[in-house]
Amino acid sequence: MARHLVTSALPYINGIKHLGNMVGSMLPADVYSRYLRQRGHDVLYICATDEHGTPAELAAKAAGVSVAEFCAQAHDDQKAVYDGFELAFDYFGRSSSQQNVEITQHFARRLKENGFIEERAIRQVYSPVDGRFLPDRYVEGTCPHCGYDKARGDQCENCTRVLDPTDLLEPRSAISGSTELEVRETKHLFLLQSKLQHEVEEWVARHEADWPQLSSSIARKWLTEGLHDRAITRDLDWGVPVPADTWPELAAEGKVFYVWFDAPIEYIGATKEWSDAAPDGEVRDWKSWWYEADDTVRYTQFMAKDNVPFHTVMFPATELGVREPWKKVDVVKGFNWLTYYGGKFSTSQKRGIFTDAALETLPADYWRYFLIANAPESDDSSFTWEHFAATVNKDLADTLGNFVNRVLSFSRKRFGDEVPAGAAAGEAETRLGEEIARLLAEYEEHMDTLQYRKAGAALRALWSAGNSYLEEKAPWLEIKTDPEGAALTLRTAMNLIHLYAIVSEPFIPSSAAAMRRSFALPTADTATWVTAEHATSLDAVPAGTPFTVPPVLFAKITEDDLESYRERFGGAAV
């Protein structure tokens, strides 16, 4: 089986992430990783907190603690939420790790040796009131492109255009709010992306056929506009230091690398963190996943569209310029925005549902299923409480949960606590097996090609097929005249429950585990994927297998619930 490296965009350290962040990167990466593991592949899913840059310093200042202390606590807080969502990272690292420092500095040295980094004097915003140069995010103002009045000096959150602080209209210090700003000369390191333009274009041309249109169109847009040389250092107290052995003057001034230079390198750094954290007796070869791995590793990245340019153009330029055989991404799965009643989720403006509050409100599987089944792939998708409740009630409670409960409860009532034997499979079971095998193949195709909405629809169709079979056979009537036939129907339906437990695991792992535990099988704690043969025969759970009826898998969301959710989180009935 192939080796699959999976990464998702690094969540920034300044606060708990909202549902838009979750569905745009980490959750789909987790769903894909779980699916690949079930199919028998060797998978390494790596993520980390992105801890450098001005927002971390500003957040720590607001909290009245050191940046190191703030980041350590925020990392633990975020990891607790991701554990609650059952994100099965192989390792969740930190971009402030010593491993990332060393690899980032190595990349910088190699880029300089190859003529792709040079030192330049630039004019930069200086705040006399604050007594310091202001890095990009320390400057706020009005975007010259769209007029958004809370744009940052590196990027406008509203229109996503990349900016320089001097581009902003009516600029002000994010530290003191002072508008008495000056422009003074200072020195910084520049990555000469313009010299790598053609190499990046050739690399994109070789790979974009495997990318969704969103990712390839964004990459092409940036390449058409042309790659510009980019400053990759900042005047901050927190970050990967410029190495003194290579740039002694800048190191003495306390320059650090720009967060967008070191953050993508943390994918490699976090893999080395994973390797270094191996328990005694276990050897983890981090470098085999990243170095000279083009023929042995398939690398898939997940991220929202605002991160796509950095991973399809900027970081590949860095890797190409290093002139070493580091693994570059094979597939970039980009996502559009998840909106909240048509408005943008926003961490900085506290708008929308945040992941910790989501888990306090309802179990993780409710959120996982809704988000993936409605993933913002071809266009933006909108979260409303009404849509969420309708999806949970119809798909999870009625279609899946009710099927599981009524099959197991009825069988226990009429045949006891073991799977009944009943008659041999007949024409209805043959048709059902063929339909299940067909739908399973469709589901697998969509999962293999990262088509999440289509995969969700195929999974829902698998659940619906069981309900259709049950309605056709009607064992509650069948038992009155043909007990052996009713036993066959229930045995077949129980095999469907076991199949559902396996194929639903990437979407709803907790509920899938509860379904698996219903049957006292030797493999009850595993989720080996279903073969087409098993899907057709539906005989994995033999007669005589003891079973239990699990608690209700999914509770319906009531109108009273909806009213309380809207009151707490905002949003009006539509």
Side-chain angles (χ1 to χ4, degrees), residues 10-15 48-78 93-105 107-108 117 119-140 152-155 164-165 171-178 180-191 230-266 269 348:
L10 308 185
Y12 198 70
I13 197 67
N14 64 334
T49 39
D50 180 4
E51 300 187 7
H52 294 138
T54 54
E57 289 195 0
L58 292 172
K61 182 176 183 292
V65 297
S66 70
V67 190
E69 182 181 352
F70 171 83
C71 289
Q73 183 60 55
H75 171 87
D76 291 345
D77 292 344
Q78 287 198 26
R94 302 181 59 187
S95 69
S96 60
S97 69
Q98 185 58 35
Q99 291 90 337
N100 193 41
V101 169
E102 292 171 359
I103 297 172
T104 298
Q105 291 179 339
F107 269 47
I117 286 182
E119 189 175 324
R120 292 180 181 176
I122 66 167
R123 295 175 64 75
Q124 186 175 337
V125 175
Y126 183 87
S127 171
V129 171
D130 299 308
R132 61 178 293 175
F133 284 102
L134 299 181
D136 41 26
R137 287 203 179 195
Y138 276 56
V139 185
E140 297 176 343
R152 303 184 303 257
D154 64 335
Q155 187 175 27
D164 287 319
R172 59 188 179 274
S173 167
I175 304 172
S176 62
S178 173
E180 298 178 12
L181 306 181
E182 302 174 0
V183 177
R184 297 184 181 181
E185 186 174 281
T186 186
K187 290 183 178 179
H188 282 286
L189 298 180
F190 277 72
L191 177 62
R230 191 82 184 269
I232 58 168
T233 51
R234 294 293 187 268
D235 296 281
L236 295 170
D237 298 324
W238 177 251
V240 174
V242 169
D245 60 359
T246 310
W247 294 281
E249 181 182 345
L250 298 187
E253 294 175 2
K255 307 281 188 186
V256 301
F257 285 108
Y258 179 35
V259 62
W260 270 113
F261 182 74
D262 81 85
I265 297 172
E266 168 59 9
S348 60

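Annotation: side chain of Tyr12 is not in contact with side chain of Ser95 (no heavy-atom distance under 4.5 Å). In this structure the side chain of Trp247 reaches within 4.5 angstrom of the side chain of Ile117, judged on heavy atoms.
Of all heavy-atom pairs between Gly269 and Ile103, the closest is CA-CD1, 3.9 Å. Between Ser176 and Val129, the closest heavy-atom pair is OG-CG1, 3.9 Å. Heavy-atom minimum distance, Val139 versus Pro171: CG1-CB, 3.9 Å. The shortest heavy-atom contact between Ile265 and Phe261 is CD1-O, 3.4 Å. Here the closest heavy-atom approach between residue His52 and residue Val259 is recorded as O-CG2, 3.3 Å. Across all their heavy atoms, Leu10 and Asp50 have their closest contact at CB-CB, 3.8 Å.
Among residues two or more places apart in sequence or in another chain, the ring-ring contact (aromatic ring centres under 6.0 Å, His included) test is passed with His188 by none. Among residues two or more places apart in sequence or in another chain, the side chain to side chain donor-acceptor pair (under 3.5 Å) test is passed with Gln78 by Tyr82. Take Asp136 and apply the salt bridge (charged side-chain N to carboxylate O under 4.0 Å, His left out) test, not counting sequence neighbours, and it matches Arg234. Every residue two or more places apart in sequence or in another chain was checked for a side chain to side chain donor-acceptor pair (under 3.5 Å) with Asp76, and none qualifies. Legend: residues meeting salt bridge (charged side-chain N to carboxylate O under 4.0 Å, His left out) with Arg123, ordered by chain and number and at least two apart, are absent. Residues forming a salt bridge (charged side-chain N to carboxylate O under 4.0 Å, His left out) with Asp235 (at least two apart in sequence, or on another chain): Lys255. Every residue two or more places apart in sequence or in another chain that forms a ring-ring contact (aromatic ring centres under 6.0 Å, His included) with Tyr126 is listed here: Phe133. Taking Asp77 as the reference, Gln73 meet the side chain to side chain donor-acceptor pair (under 3.5 Å) condition, with sequence neighbours excluded. The side chain to side chain donor-acceptor pair (under 3.5 Å) check on Glu266 picks up nothing, with sequence neighbours excluded. By the salt bridge (charged side-chain N to carboxylate O under 4.0 Å, His left out) test, Arg230 is found to be paired with no residue, residues two or more places apart in sequence or in another chain being considered.
Between Asp130 and Arg132 no salt bridge is recorded (no basic side-chain N to carboxylate O distance below 4.0 Å).
Going from atom CG of Asn100 over to atom CD of Gln105 covers 10.0 Å, rounded to the nearest 0.5 Å. Interatomic distance, CZ of Phe257 versus CD1 of Ile232, reported as 5.5 Å (0.5 Å rounding).
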Please tabulate, for the side chains in residues 53-67, all donor-acceptor contacts under 3.5 angstrom to protein atoms that are two or more places apart in sequence or on a different chain.
residue: Glu57; atom: OE1; partner: Tyr138; partner atom: OH; Å: 2.4
residue: Glu57; atom: OE2; partner: Asp237; partner atom: N; Å: 2.8
residue: Glu57; atom: OE2; partner: Trp238; partner atom: N; Å: 3.0
residue: Ser66; atom: OG; partner: Glu69; partner atom: N; Å: 3.1

### Query
Could you go step by step and tell me if Cys71 and Thr49 meet the side-chain contact (heavy atoms from CB on, under 4.5 Å) rule?
CA-CA 9 Å; Cys71 289; Thr49 39; over 6 Å; no
### Message
With side-chain contact (heavy atoms from CB on, under 4.5 Å) as the criterion, how do Ile122 and Thr186 come out once you've worked through the C-alpha distance, each side chain's angles and the decisive distance to 0.1 Å?
### Response
CA-CA 6 Å; Ile122 66 167; Thr186 186; 4.2 Å; yes
### Message
Does Val240 form a side-chain contact (heavy atoms from CB on, under 4.5 Å) with Val256? I'd like the steps, not just the answer.
### Response
CA-CA 5 Å; Val240 174; Val256 301; 5.8 Å; no
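For residues 238-252, every residue pair satisfying the salt bridge (Lys or Arg N to Asp or Glu O under 4.0 Å) rule, not counting sequence neighbours, is listed here: Arg109-Asp245, Lys187-Glu249.
At distances below 3.5 Å, at least one donor-acceptor pair connects side-chain atoms of Thr233 with backbone N or O atoms of Leu189.
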